[in-house]
Amino acid sequence: MHARKIGAAAATAVALLAARDLIQKRHALLRNFPVVGHARYLLETIGPELRQYIVTSNEEERPFSRDQRSWIYASAKEENNYFGFGTEVDVEHVQGHAYLKQRTFAAGALPDAHDPQSPLPSAKVLGGPRGRAKAFRPASVVNISAMSFGSLSGAAITALNKGAALAGTMHNTGEGGLSPYHRNGGDLVLQIGTSYFGCRNEDGTFNLDKLKDVVAGAPVKAIEIKLSQGAKPGLGGMLPGAKVTEEIAAIRGIPVGQDCASPSRHTAFSDVDSMLDFVELLAAETGLPVGIKSAVGEMGFWQELATLMARGDRGVDFVTIDGGEGGTGAAPRMFADSVSLPFRMGFSRVYGTFAELGLTDELTFIASGKLGLPENAAVAFALGADMINVAREAMLSIGCIQSQKCHTDKCPTGIATQNPWLARGLDPTSKATRAAVYLRTLRKELIKVSSALGVAHPALITANDIEVMNGDYEARTLAGVYGYKEGWGELGPHLADEITALLATRPAV
């Protein structure tokens with residue numbers, strides 16, 4: 001035995017010496033032949049593409065696996081989006097995988113799960129509980145998330161807005177202002193960020209009159225105040241002067257050719273109390289529903305917000321919760337990886353804060369963060385979401401290949417770039433059709449999932465209808481995992497009856 005150990009140690013030493021010699025020879029080769037060294041950098045440049053299409057399996061690649069991207073591409077092109085020969089997910093061992101528990105019987109008639117034109121409106125009237133003058137029921141529970149012109153090309157924004165119009169969804173402008181490319185027929189949610197682009201004074205402070213002018217001149221259905229986003233929560237942005245063209249300067253209300261730094265926090269309000277005053281001011285002056293968007297960090301903010309709203313005199317009409325795994329915007333690696341809670345954890349904590357005070361029927365919960373896939377969306381609805389926003393999935397539907405070059409202005413598909421030569425390769429008309437087909441397909445898939453669970457609408461899926469696997473030895477319901485109490489994640493009886501009755505007027509199976 002002793003001799004065997006000595007032999008093994010000797011073999012290891014020989015292997016290490018051989019490896020050292022190989023490394024030295026490789027370095028010498030790179031010194032003597034610089035072209036080989038350049039090839040290394042070329043391979044690093046196209047590394048994401050090599051990994052996605054050659055190296056990794058169908059389930060390995062991130063942020064979106066090959067199977068996930070294939071489903072979106074096929075759906076957008078109206079191709080066969082089914083998968084054959086069973087799942088590639090290691091269902092017995094993958095920790096955290098969610099499984100929906102189908103029902104054998106349904107309580108009543110269900111919508112047609114095979115009709116791509118089947119409407120799927122929100123179960124709540126946006127702005128209704130607070131009596132906003134322009135309250136409305138969103139026609140679609142699936143809508144396009146905030147992506148600014150400037151981060152995306154004009155052609156991409158045009159395609160998304162036209163797609164939203166074709167699919168009957170809303171399109172969030174992002175904080176970069178309302179551009180001409182947003183005016184292609186799609187209903188809009190106007191986002192206001194910390195720099196108040198499009199509604200600001202020269203010193204960067206908020207200008208109410210300019211906001212009212214913007215709202216009056218476009219099909220704006222709601223206003224969203226962005227506190228933070230999943231890609232870079234708590235961090236302001238910098239738009240280099242070289243990118244501030246005359247067009248972008250006019251849209252955002254900033255000087256041409258000058259650096260524009262967005263602060264990390266708002267100047268129009270400084271705490272929850274003054275934020276609610278600001279919300280009520282915007283709602284009173286425009287008549288529109290007004291809400292907030294935020295990633296989730298410390299919970300003191302949400303607890304104070306819920307406590308103040310419980311008084312009944314002021315409140316937001318909706319909250320958009322973004323997961324820390326979100327990420328259309330360029331961000332420092334640490335912020336992308338390690339700041340703010342992932343969607344499920346963050347959303348459940350915020351929802352629970354309002355549920356403790358019995359407020360969940362008084363506002364609309366919008367969920368965001370990799371939810372443009374049916375299984376992820378179903379989990380969001382089970383946790384209490386009323387609508388979902390899709391961003392990167394919408395980009396994939398119009399041609400994004402996940403090259404991960406969004407921050408370089410060298411997007412090869414012309415989506416996340418201001419380079420005219422690259423952007424001209426994106427045809428807004430054909431891509432608009434693909435975006436619309438994807439959005440309608442996702443809605444259809446949500447109807448299918450709801451029908452499988454025996455309910456008429458995804459908002460009727462409960463936190464007890466889904467279990468999360470912990471390896472091959474334990475499974476817990478979403479309610480158990482996230483500490484939901486009885487009735488949490490569910491609509492109040494009057495809302496459930498209302499949406500069921502509304503869908504009952506549609507063709508049934």
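Everything quoted here is computed from the prediction, not taken from an experiment.
- With hydrogens and angles left out, the side-chain atoms of Glu175 and Gln191 include no donor and acceptor closer than 3.5 Å.
- For the pair Val189 and Thr173, the minimum side-chain heavy-atom distance is 4.5 Å or more.
- Closest approach of Asp409 to Leu422, counting heavy atoms only: O-CD1, 4.0 Å.
- Remark: Ile157 CD1 to Leu426 CG distance equals 11.0 Å, nearest 0.5 Å.
- Considering CG of Leu373 and CG of Leu442, their distance stands at 8.0 Å, rounded to 0.5 Å.
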*When you look at Phe269 and Asp277, which way does the side chain to side chain contact (heavy atoms under 4.5 Å, CB included) test go after all the steps?*
CA-CA 8 Å; Phe269 50 87; Asp277 286 341; over 6 Å; no

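- A distance of 5.0 Å separates OG1 of Thr364 from CG of Asp386, quoted to the nearest 0.5 Å.
- Side-chain N or O atoms of Ser148 include one that pairs as donor or acceptor with a backbone N or O of Gly176 at under 3.5 Å.
- Counting only heavy atoms from C-beta outward, the side chains of Asn389 and Thr320 approach each other to under 4.5 Å.
- Ala249 and Val256 get closest at one heavy-atom pair: CB-CG2, 3.6 Å.
- Contact detail for Ala268 and Phe206: the closest heavy-atom pair is CB-CB, 4.3 Å.
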May I have the list of side-chain donor-acceptor pairs in residues 300-311 shorter than 3.5 Å, sequence neighbours left out?
from, atom 1, to, atom 2, distance (Å)
Thr307, OG1, Gln303, O, 2.8

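- In this structure, Asn376 contributes its side chain and Lys370 its backbone to a donor-acceptor pair below 3.5 Å.
- Arg349 has no carboxylate O lying under 4.0 Å from a charged side-chain N of Glu298, or vice versa, which leaves the two without a salt bridge.
- Inspection of the Ser140 and Arg443 side chains reveals an N or O donor paired with an N or O acceptor under 3.5 Å.
- Note that the OG atom of Ser294 and the CD atom of Glu224 stand 10.0 Å from one another [nearest 0.5 Å].
- Residues Ile321 and Ser368 form no side-chain contact, since every pair of their non-hydrogen atoms from C-beta on lies 4.5 Å or further apart.
- Here the closest non-hydrogen pair linking Ser153 and Ala423 is CB-CB, 4.0 Å.
- With hydrogens and angles ignored, the 3.5 Å screen pairs no side-chain donor or acceptor of Arg252 with any backbone N or O of Gly177.
- In this structure the side chain of Leu188 reaches within 4.5 angstrom of the side chain of Asn161, judged on heavy atoms.
- Residue pairs satisfying the ring-ring contact (aromatic ring centres under 6.0 Å, His included) criterion with at least one member in residues 145-177, sequence neighbours excluded, are listed as follows: Phe149-Tyr181, His171-His182.
- A 4.5 Å side-chain heavy-atom check between Arg69 and Gln402 finds at least one atom pair inside the cut-off.
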*Report the C-alpha separation of Ile251 and Leu178 in whole Å, then their side-chain angles, then the decisive distance to 0.1 Å, and conclude whether the side chain to side chain contact (heavy atoms under 4.5 Å, CB included) test is met.*
CA-CA 7 Å; Ile251 293 167; Leu178 201 160; over 6 Å; no

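- Of all non-hydrogen atoms in Ser450 and Ala456, the two that sit nearest each other are CB-C, 4.5 Å.
- Arg314 places no side-chain N or O within donor-acceptor distance of the main-chain N or O of Met275, the cut-off being under 3.5 Å.
- Side-chain contact between Leu126 and Arg137 is absent, with no heavy-atom pair separated by less than 4.5 Å.
- Applying the salt bridge (Lys or Arg N to Asp or Glu O under 4.0 Å) test to pairs two or more places apart or on separate chains, those with a residue in residues 484-494 are Glu356-Lys485.
- Ring planes of Phe278 and Tyr196: perpendicular class, angle over 60° (limits at 30 and 60°).
- Side chain to side chain, Thr462 and Asp465 meet the donor-acceptor criterion of an N or O pair below 3.5 Å.
- The backbone N or O of Leu383 sits less than 3.5 Å from a side-chain atom of Tyr484, completing a donor-acceptor pair.
- Within the 3.5 Å criterion, the main-chain N or O of Asn419 finds a donor-acceptor partner in the side chain of Thr417.
- Between Arg130 and Glu280 a salt bridge is recorded (basic side-chain N to carboxylate O distance below 4.0 Å).
- Across all their heavy atoms, Ile144 and Leu160 have their closest contact at CD1-O, 3.4 Å.
- Using a 30° and 60° split on the angle between ring planes, Tyr351 and Phe365 fall in the tilted class, from 30° to 60°.
- Side-chain polar atoms of Asp497 and Thr500 form no donor-acceptor pair below 3.5 angstrom.
- Contact annotation: the side chain of Val390 never approaches that of Ser145 to less than 4.5 Å [non-hydrogen atoms, C-beta and beyond].
- Under the 4.5 Å side-chain criterion, counting only non-hydrogen atoms from C-beta, Ile72 is not in contact with Gln68.
- Between the NZ atom of Lys448 and the CG atom of Leu110 there is a distance of 14.0 Å, given to the nearest 0.5 Å.
- Note that the CD1 atom of Ile461 and the CG atom of Leu453 stand 5.5 Å from one another [nearest 0.5 Å].
- Both the sub-6.0 Å distance and the 45° axial angle are satisfied by Lys221 relative to the ring of Phe136.
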*List the steps, then state whether side chain to side chain contact (heavy atoms under 4.5 Å, CB included) holds for Leu100 with Val449.*
CA-CA 8 Å; Leu100 286 69; Val449 168; 3.1 Å; yes

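- A donor-acceptor pair under 3.5 Å is formed between the side chain of Ser122 and the backbone N or O of Lys124.
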*Hey, mind stepping through Ile192 and Leu211 against side chain to side chain contact (heavy atoms under 4.5 Å, CB included) and telling me if it holds?*
CA-CA 9 Å; Ile192 301 175; Leu211 172 69; 3.9 Å; yes

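- Under the 3.5 Å distance criterion, with hydrogens and angles disregarded, a donor-acceptor pair is assigned to the side chains of Asn201 and Asn207.
- In this structure, the side chain of Arg434 does not engage the main chain of Glu78 through any donor-acceptor pair within 3.5 Å.
- Looking only at distances, a side-chain donor or acceptor of His457 sits under 3.5 Å from a matching main-chain atom of Pro121.
- A donor-acceptor pair under 3.5 Å is formed between the side chain of Asn143 and the backbone N or O of Met170.
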